[in-house]
Amino acid sequence: VLQLLGERLGGGTDASRNGWLLDGFPRTTSQAEALVGGSWAELRPDAVVLVERPDELAREFALGRCCDSATGQTYHPVYAPAPAEIC
């Protein structure tokens with residue numbers, strides 16, 4: 001994942017010129033530590049946004065999600081229901 005980020009966000013790409021957003025990354029302590037050290041200094045964000053929500057709401061979002069293996073589309077029974085032909 002870190003190699004992919006370095007390639008995609010590194011100098012000269014549209015992301016390095018226009019900005020970028022990482023949603024849910026880093027997920028592990030080792031990923032966070034790798035981002036802080038060495039060659040990743042150029043990828044440091046200008047801002048970090050932490051969205052806090054009650055644990056029950058987080059569980060509701062996470063446990064209700066499903067993914068269509070054919071298309072990769074993500075659905076949720078309440079917030080983004082799958083079309084009737086998929087169910």
Using side-chain contact (heavy atoms from CB on, under 4.5 Å) as the criterion, list what pairs up with [X], not counting sequence neighbours.
X: D14; value: R8, R17, N18
X: T29; value: E33
X: S30; value: T28
X: P26; value: Q31, A32, L35

Would you please name every residue forming a side-chain hydrogen bond (donor to acceptor under 3.5 Å, both in side chains) with [X], sequence neighbours left out?
X: E56; answer: R59
X: S69; answer: none
X: E60; answer: Y79

Check your understanding: To the nearest 0.5 Å, how far apart are SG in C67 and NE2 in H76?
Key ->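 Those atoms lie 13.5 Å apart.
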Practice item. Could you tell me the separation between the CG atom of L22 and the CG atom of L5, rounded to the nearest 0.5 Å? Key: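 Going from CG on L22 over to CG on L5, the span is 6.0 Å.
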Point to revise | Shortest non-hydrogen separation from G64 to P77 and the atoms involved | key: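 Taking G64 first and P77 second, the nearest heavy atoms are O-CD, 2.9 Å.
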Point to revise | Residue pair Y75 / P83: nearest heavy atoms and the distance that separates them | key: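 Reported closest heavy-atom pair: CE2-CD, 3.5 Å.
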Compile the donor-acceptor pairs under 3.5 Å between side chains in residues 47-55 and protein atoms, sequence neighbours left out, one pair per line.
none

Review point. Salt bridge (Lys or Arg N to Asp or Glu O under 4.0 Å) with D23: which residues, sequence neighbours excluded?
Key: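 Partners of D23 by the salt bridge (Lys or Arg N to Asp or Glu O under 4.0 Å) criterion come out as none, since no residue qualifies.
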Review point. To which residues is L21 joined in a hydrophobic cluster, defined by side-chain heavy-atom contacts under 4.5 Å among Ile, Leu, Val, Met, Phe, Trp and Tyr, whether direct or through other members?
Key: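 Grouped by the 4.5 Å side-chain rule, L21 forms a cluster of one, so the answer is none.
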